[in-house]
Engineer: 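Attaching a single structure in structure tokens format; questions to follow.
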Amino acid sequence: MLAIIGGQGLTELANLEITHRQVMRTPYGEPSGAFLFGTLNQNEVIFLARHGYGHIIPPHLVNYRANLWALREQGVKKVVSIATVGGIRADLTPGAIVVPDQIIDYTHGRDATFYDTRDAIYTNTDFTLPFCPKLRERILRSANIARQPCVDGGVYAATQGPRLDSIAEINRYERDGAGMVGMTGMPETALAMELGLNYAIIAVVVNHAAGRGDNKRGINMEQVNAIAGAAMERVRSILECVVGCDGG
Ligand code: HPA
């Protein structure tokens with residue numbers, strides 16, 4: 001079973017035929033909202049809005065552990081995460097859709113592991129390739145079929161939020177090799193890996209990062225929301241192909 005975690009601008013999937021909703025509980029508390037079970041293009045899928053259904057949970061307060069734990073409890077093996085980002089790399093301009101292949105964690109104070117007690121039998125999770133290569137391929141192939149341009153690869157800088165970044169911070173992330181910046185990629189990516197889930201992100205560039213493009217003096221949130229809304233239509237058409245695609 002495949003699950004989709006929707007981010008800003010994607011708190012619902014208009015083309016999802018909902019069969020039922022279920023409130024989930026986990027040893028880590030409650031997920032962001034009820035799981036929506038349904039079919040997309042006749043393929044079974046579970047949908048969860050990461051920030052809750054009224055977009056009320058800020059990135060640093062999302063219960064990432066509960067979200068992923070509950071998805072796994074439902075038999076989910078693959079998770080496609082939708083996340084908005086600011087573009088740092090010159091080619092990642094507003095409206096671009098990108099499937100990152102690496103991630104750097106700048107977050108702090110979040111519950112970032114399931115191995116959180118002294119008696120836990122832990123392993124050092126291999127994080128060499130943070131995103132599932134097969135699922136990334138499947139997304140890129142789907143974008144191709146849906147005729148939606150999609151950038152293959154890039155480094156996602158995961159920041160704490162909820163504030164946006166200073167120009168100096170963006171310069172630092174760029175020096176570190178990051179091409180985009182967002183607030184939800186971690187610990188979600190690492191937790192998915194701990195649970196053995198195949199996980200990949202579809203990142204939607206909704207603004208130039210601070211100091212890039214025309215954002216020398218600030219970021220216009222109205223523009224950000226308009227770009228997110230329009231781009232999510234394109235993401236939906238990619239998702240329809242992803243759920244229908246064999247393999248991966
Ligand atoms: N910075 C951090 N997170 C973001 C941004 C940004 O510019 N845009 C969307 N999420």
Side-chain angles (χ1 to χ4, degrees), residues 4-11 32 48-52 54-62 64 67 80-110 112 130-131 149-151 153-191 199-236 238:
I4 297 165
I5 301 181
Q8 185 198 357
L10 197 82
T11 51
S32 298
L48 172 67
R50 181 188 290 111
H51 299 283
H55 204 273
I56 48 173
I57 310 170
H60 60 298
L61 297 180
V62 169
Y64 297 95
N67 287 351
V80 177
S81 155
I82 316 301
T84 55
V85 294
I88 301 176
R89 237 167 63 185
D91 61 323
L92 298 185
T93 52
I97 295 175
V98 46
V99 184
D101 60 351
Q102 283 292 329
I103 192 161
I104 302 175
D105 189 3
Y106 299 98
T107 67
H108 49 84
R110 301 182 180 188
F131 303 111
C150 190
V151 181
V155 180
Y156 179 118
T159 62
Q160 178 67 3
R163 66 167 175 82
L164 291 163
D165 325 278
S166 69
I167 293 176
E169 286 170 330
I170 294 298
N171 290 344
R172 173 189 172 204
Y173 304 151
E174 187 172 47
R175 283 196 301 274
D176 286 353
M180 71 205 90
V181 55
M183 301 175 194
T184 55
M186 290 294 276
E188 199 172 84
T189 307
L191 292 168
Y199 176 94
I201 293 178
I202 300 178
V204 179
V205 181
V206 291
N207 58 277
H208 286 288
R212 301 295 183 274
D214 51 3
N215 284 344
K216 303 283 189 284
R217 304 192 65 82
I219 291 174
N220 179 330
M221 290 315 290
E222 270 174 31
Q223 258 176 27
V224 166
N225 291 335
I227 287 166
M232 289 309 164
E233 284 308 313
R234 295 167 41 223
V235 170
R236 283 190 182 97
I238 297 174

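One is the number of the first residue; the rest follow in order along the sequence. None of these values were measured; they are calculated from a predicted model. Indexing begins at 1, ligand by ligand and atom by atom, following the structure's order.
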Engineer: Less than 4.5 Å apart, any side-chain heavy atom of N225 and any of Q8?
Structural biologist: yes
Engineer: Hey, what do you get for CD1 (I238) to CZ (R236), rounding to the nearest 0.5 Å?
Structural biologist: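 Result: 12.0 Å between the selected atoms.
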Engineer: Under 4.0 Å from a heavy atom of M183: which atoms of ligand 1 are those, numbered in the order shown and with their elements?
Structural biologist: 2 (C), 3 (N)
Engineer: Kindly compute the distance separating CG (D165) from CE (M183), expressed to the nearest 0.5 Å.
Structural biologist: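 Answer rounded to 0.5 Å: 6.5 Å.
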Engineer: Closest heavy-atom contact between A157 and Y106?
Structural biologist: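 Here A157 and Y106 meet closest at CB-CE1, 3.6 Å.
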Engineer: Check each atom of ligand 1 against the heavy atoms of L164 and keep those under 4.0 Å away; list them by number with element.
Structural biologist: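 Ligand 1 atoms under the 4.0 Å threshold to L164: 1 (N), 2 (C), 5 (C), 6 (C), 7 (O).
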Engineer: In the protein, which heavy atom is nearest to atom 7 (O) of ligand 1, and how far is it?
Structural biologist: N207 ND2, 3.0 Å
Engineer: What about G86: any of its N or O atoms under 3.5 Å from an N or O on ligand 1?
Structural biologist: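 Looking only at distances, the answer is yes, because the N/O contact criterion of under 3.5 Å is met.
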Engineer: Atom CD1 in I170, atom NE2 in H208: separation rounded to 0.5 Å?
Structural biologist: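 That separation rounds to 12.5 Å.
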Engineer: With respect to atom 4 (C) of ligand 1, which of V181, I88, T184, V224 exhibits the smallest heavy-atom separation?
Structural biologist: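 Comparing heavy atoms across V181, I88, T184, V224, the nearest one to atom 4 (C) of ligand 1 lies in V181.
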Engineer: May I ask you to identify, for D165, whether its side chain, its backbone, both or neither come under 4.0 Å of ligand 1 on a heavy-atom basis?
Structural biologist: side chain
Engineer: Do me a favour and list the nearest non-hydrogen protein atom to atom 10 (N) of ligand 1 with residue, atom name and distance?
Structural biologist: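 Answer for atom 10 (N) of ligand 1: T84 O, 3.5 Å.
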Engineer: Do any nitrogen or oxygen atoms of T159 come within less than 3.5 Å of a nitrogen or oxygen of ligand 1?
Structural biologist: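 Between T159 and ligand 1 (N or O atoms, distance only) the closest approach is not under 3.5 Å.
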Engineer: Measuring from atom OG1 of T189 to atom OH of Y64, what distance do you get when rounded to the nearest 0.5 angstrom?
Structural biologist: 9.5 Å
